[in-house]
Amino acid sequence: QVHLVESGGGSVQSGGSLRLSCAASGYTGSRSCMSWFRQAPGKEREGVAVISIDGSTSYADSVKGRFTISQDNAKNTLYLQMSSLKPEDTAMYYCATRVSYDGDYHYCLLDYVMDYWGKGTLVTISS
């Protein structure tokens with residue numbers, strides 16, 4: 001059973017930065033991709049960024065150029081560096097992982113593809 005724990009959320013003003021972390025444990029199969037999702041109040045959950053096991057990345061258009069996803073495989077930790085934050089970035093942020101998947105990693109931006117989820121960390125951006 002894979003266990004994911006997010007941290008680093010908080011409240012910042014518009015234009016500020018935050019770095020989210022996701023500590024992963026319990027992998028027994030091969031990890032294929034890890035992703036960040038977010039869900040704002042009253043909205044559907046959306047994929048924000050994905051990173052494949054070889055380090056390839058992809059982003060939602062809404063965060064491209066502002067967010068950077070990275071991973072430290074030695075520490076089994078996923079990161080999301082968020083800059084130029086906007087009030088519309090306010091949401092609960094979740095990390096998720098898919099194991100033993102040989103498909104296109106871009107599909108890991110779709111929530112139904114992912115196997116395991118953390119409980120989330122709240123990001124609030126004030127104007």
Side-chain angles (χ1 to χ4, degrees):
Q1 182 81 4
V2 177
H3 189 52
L4 303 173
V5 180
E6 302 95 337
S7 61
S11 297
V12 298
Q13 289 191 325
S14 182
S17 300
L18 280 174
R19 189 175 84 152
L20 306 184
S21 299
C22 173
S25 61
Y27 281 107
T28 56
S30 59
R31 173 166 54 92
S32 58
C33 58
M34 292 193 77
S35 304
W36 287 98
F37 291 78
R38 68 184 181 185
Q39 187 166 22
K43 295 189 176 181
E44 293 187 354
R45 186 164 55 189
E46 63 168 338
V48 172
V50 57
I51 187 166
S52 70
I53 192 65
D54 67 358
S56 300
T57 59
S58 185
Y59 299 89
D61 288 342
S62 58
V63 306
K64 207 171 288 184
R66 300 188 298 121
F67 290 12
T68 302
I69 189 172
S70 62
Q71 62 188 355
D72 184 331
N73 289 329
K75 295 181 179 179
N76 267 343
T77 301
L78 178 72
Y79 303 99
L80 185 68
Q81 178 66 48
M82 306 186 294
S83 303
S84 301
L85 284 161
K86 306 174 182 179
E88 51 263 44
D89 294 319
T90 294
M92 186 70 81
Y93 283 72
Y94 302 89
C95 69
T97 188
R98 171 69 187 242
V99 298
S100 303
Y101 173 68
D102 59 1
D104 187 333
Y105 75 95
H106 292 89
Y107 288 107
C108 295
L109 282 173
L110 302 173
D111 57 4
Y112 60 82
V113 169
M114 309 308 277
D115 293 322
Y116 298 98
W117 294 81
K119 293 184 177 181
T121 186
L122 182 63
V123 172
T124 304
I125 311 303
S126 58
S127 57

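Worth knowing before you read on, the calculation uses all heavy atoms, side chains too, and leaves out hydrogens, waters and symmetry mates.
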I'd like to check [X] versus [Y] (side-chain heavy atoms, cut-off strictly below 4.5 Å). Are they in contact?
{"X": "Thr68", "Y": "Tyr79", "result": "no"}
{"X": "Asp115", "Y": "Val2", "result": "no"}
{"X": "Met92", "Y": "Phe37", "result": "no"}
{"X": "Val12", "Y": "Ile125", "result": "yes"}
{"X": "Ser17", "Y": "Gln81", "result": "yes"}
{"X": "Glu46", "Y": "Gln39", "result": "no"}
{"X": "Val123", "Y": "Thr90", "result": "no"}

When rounded to the nearest 0.5 angstrom, what is the spacing between [atom1] in [X] and [atom2] in [Y]?
{"X": "Cys95", "Y": "Leu78", "atom1": "SG", "atom2": "CG", "value": "6.0 Å"}
{"X": "Thr97", "Y": "Gln71", "atom1": "OG1", "atom2": "CD", "value": "9.0 Å"}
{"X": "Cys108", "Y": "Met34", "atom1": "SG", "atom2": "CE", "value": "10.5 Å"}
{"X": "Cys33", "Y": "Arg98", "atom1": "SG", "atom2": "CZ", "value": "7.5 Å"}
{"X": "Cys22", "Y": "Asn76", "atom1": "SG", "atom2": "CG", "value": "10.0 Å"}
{"X": "Ser32", "Y": "Asp104", "atom1": "OG", "atom2": "CG", "value": "11.0 Å"}

(request) In sequence, state the C-alpha distance, the side-chain angles, and the governing distance for Val50 and Thr57, and then conclude on side-chain contact (heavy atoms from CB on, under 4.5 Å). (result) CA-CA 6 Å; Val50 57; Thr57 59; over 6 Å; no

Side-chain heavy atoms nearer than 4.5 Å, only ILVMFWY residues, links allowed to pass through others: does that put [X] and [Y] together?
{"X": "Ile69", "Y": "Val63", "answer": "yes"}
{"X": "Leu20", "Y": "Tyr59", "answer": "yes"}
{"X": "Leu110", "Y": "Tyr94", "answer": "yes"}
{"X": "Val48", "Y": "Leu109", "answer": "no"}

(message) Is it the case that over 12 heavy atoms from other parts of the model lie below 6.0 angstrom from the CG atom of Asp102?
(response)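 Counting other residues, nucleotides and ligands, CG of Asp102 stays at 12 neighbours or fewer.
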
(message) How about OH on Tyr116, more than 12 heavy atoms from neighbouring residues, nucleotides or ligands closer than 6.0 Å, or not?
(response)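 More than 12 heavy atoms, drawn from other residues, nucleotides or ligands, come within 6.0 Å of this atom.
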
Ignoring hydrogens, what is the shortest heavy-atom contact between [X] and [Y]? Give both atom names and the distance.
{"X": "Met114", "Y": "Ser35", "result": "CE-OG, 3.5 Å"}
{"X": "Asp89", "Y": "Ser84", "result": "OD2-O, 4.4 Å"}
{"X": "Leu122", "Y": "Ala91", "result": "CD1-O, 3.6 Å"}

(request) Test side-chain contact (heavy atoms from CB on, under 4.5 Å) on Arg38 and Lys43 and set out the steps. (result) CA-CA 10 Å; Arg38 68 184 181 185; Lys43 295 189 176 181; over 6 Å; no

(request) Determine, for Lys64 against Asp61, whether the closest basic-nitrogen to carboxylate-oxygen distance falls under 4.0 angstrom. (result)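 The answer is yes: the pair qualifies as a salt bridge.
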
(message) Salt bridge check, Lys119 against Glu6: does any charged N sit closer than 4.0 Å to a carboxylate O?
(response)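 Salt bridge absent between Glu6 and Lys119.
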
(message) Less than 6.0 angstrom separating the ring centers of Trp36 and Phe67, yes or no?
(response)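 That pair fails the under 6.0 Å test.
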
(request) Would you check if the side chain of Asp111 reaches a backbone N or O of Val113 as a donor-acceptor pair within less than 3.5 Å? (result)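 Looks like no, no N/O pair under 3.5 Å.
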
